[in-house]
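In each ligand, atom 1 is the first atom listed, and ligand 1 is the first ligand listed.
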Amino acid sequence: MMLEIPMMIGGAQVRTGTPMAVELPFDGSAVATVYRAGAAEVDAAVAAAVEAGPAMRDMTRDERAGILRRAHQMVLERREALATAVMSECGKPIREARVEVDRSAQTLLFSSEEAHRLAGEVVPMDASPSGKGRWAITVREPVGVIAAITPFNFPLNLAMHKIGPALAGGNTVVHKPASTTPLSGLLMAGIFTECGLPKGALNVVTGAGGEIGDELVFHPGVKMVTFTGSAQVGLRIRNLAGLKRVTLELGNNSAVIIEDDANLDEAVPRCVAGSFAHSGQVCISVQRIFVHEKVREEFLERLIAGTRRLVMGHPNEDTTDISSLISVTEAERVEMWLEEAVRAGARLLTGGMRRRASIEPAVLADVPDTVQLSCREAFGPVVGVNTYRDLDDAIGRVNASDYGLQAGIYTRDMEKAFRAAQRVHVGGFLINEVPQYRVDQMPYGGVKMSGNGREGPKYAIEEMTEPKLISWKVG
Ligand code: NAP
């Protein structure tokens with residue numbers, strides 16, 4: 001029987017007169033029905049979050065940590081159901097969906113630990129001549145209602161990266177998942193209720209971002225917007241949000257440098273996984289590889305062989321490595337970008353065939369810097385390999401991007417590695433690892449068009465709380 005999941009507003013299940021079908025991207029089959037929110041539902045969700053504010057603020061750190069720890073445990077207990085929801089809504093192969101569930105549980109655990117650690121500092125007032133006899137501390141207060149807007153590609157874990165730290169810091173949340181992938185977010189709202197979260201502390205509204213996004217961002221009850229998604233939408237939110245706090249986790253066209261002394265036994269399999277996991281629909285997916293001319297032939301040969309071993313199929317099969325993109329339209333766009341690159345002189349060495357929303361993983365060589373596959377975010381199973389002779393030239397080409405989320409280098413020479421680490425302009429630089437590497441407690445975020453602010457519960461909670469100064473005079 002097909003699933004029907006209402007929205008969650010103020011602890012109540014809410015349906016509207018406009019149902020929306022959730023489809024398995026791989027074949028377009030219907031998997032669930034949810035409901036399309038309008039301005040009234042956004043308003044009700046923000047009102048419920050405002051009302052729940054005092055209950056969350058007044059909880060002890062240990063009480064908030066306890067709810068998050070129970071949610072961590074429940075996610076692990078419901079691993080298979082949540083993985084099936086993630087697989088069904090975004091078409092991610094089931095093995096990868098299980099990894100996402102495990103990571104989401106970790107994100108909740110790290111958030112619960114941060115709830116315990118959240119503290120201010122002692123301010124050395126008498127360091128100033130006029131501070132004699134004064135003491136001061138800062139305490140961290142919740143910012144209030146946080147609008148959490150999340151993308152389709154990691155529908156569960158990226159939502160937990162916002163909801164976990166927000167609740168740990170004593171805030172309340174209105175979550176708007178991507179309209180293609182609302183299921184796991186709605187299931188999590190139920191889990192949090194079971195774990196004792198007060199009514200209204202987490203509300204989930206489903207509906208089109210183009211219709212209710214502005215309403216949510218503008219709403220006077222919303223004090224902060226935390227957004228993960230495309231640069232285009234992120235920029236719009238930033239421009240509309242006025243004085244509200246905004247964090248933006250946006251896209252990238254990640255690059256990795258392969259030096260002539262790189263350990264190819266390690267680098268090649270990681271480049272294959274880093275380019276093609278979830279059909280390249282990962283914000284830090286490897287899109288540009290710069291390989292030293294001395295190892296070019298061997299690297300390419302091994303990269304092509306590794307890519308051809310990937311198994312395409314239904315996302316529900318344990319053997320599947322490559323399933324589909326989020327939609328046929330997205331697959332057609334990637335196909336057009338491939339054709340454009342080839343017309344401009346790139347050589348397609350393997351893959352690239354499209355069937356419905358699926359694209360065979362593609363490796364290209366000699367991709368001109370000017371084509372979309374080089375300078376924009378591909379968000380598909382494609383990687384371009386270009387050659388260099390001089391490391392500084394490779395660093396310059398990595399930096400010749402509007403984006404700056406993560407980048408990496410493979411080399412055994414630590415001097416070269418740190419030269420690159422210092423000069424590449426990104427939020428995170430990985431030595432002997434592909435840029436498509438993330439553990440959930442690390443600071444994660446970008447520079448340039450990749451956004452601002454950092455996620456990872458320790459860092460997100462800083463952004464989601466205000467330091468308030470309390471000073472007193474003695475004697
Ligand atoms: P998207 O189209 O920008 O959508 C992201 C979210 O924004 C969705 O919930 C969407 O709702 C909503 N939205 C759309 N228009 C809006 C508006 N005018 N106001 C407010 N919200 C609006 O991105 P996507 O295609 O889902 O995700 C892919 C992008 O996310 C890529 O660029 C990827 O690099 C980026 N990403 C970044 C990170 C990171 O941590 N840096 C992680 C993952 C993904 P609808 O779905 O209803 O349109």
> Looking only at heavy atoms, which two atoms of A362 and G352 are closest? And how far apart?
Replying inline: CB-N, 3.7 Å
> Do the side chain of N171 and the main chain of A166 share a donor and acceptor less than 3.5 angstrom apart?
Replying inline: yes
>> Assess whether a salt bridge exists between E114 and K458, defined as any Lys/Arg side-chain N lying under 4.0 Å from an Asp/Glu carboxylate O.
In response: no
> Considering only heavy atoms from C-beta outward, does the side chain of T226 approach that of M464 to under 4.5 Å?
Replying inline: yes
> Which distance, rounded to the nearest 0.5 Å, do you find between the CG of L183 and the OG1 of T33?
Replying inline: 9.5 Å
>> If the criterion is any heavy atom closer than 4.0 Å to an atom of ligand 1, which residues make the list?
In response: I149, T150, P151, F152, N153, L158, K176, P177, A178, S179, G207, A208, G209, G210, G213, F227, T228, G229, S230, V233, R236, I237, E249, L250, G251, C283, E377, F379, L405, Y444
> When you measure from the centre of the six-membered ring of F154, is the NZ or CZ of K92 under 6.0 Å away and within 45° of the axis?
Replying inline: yes
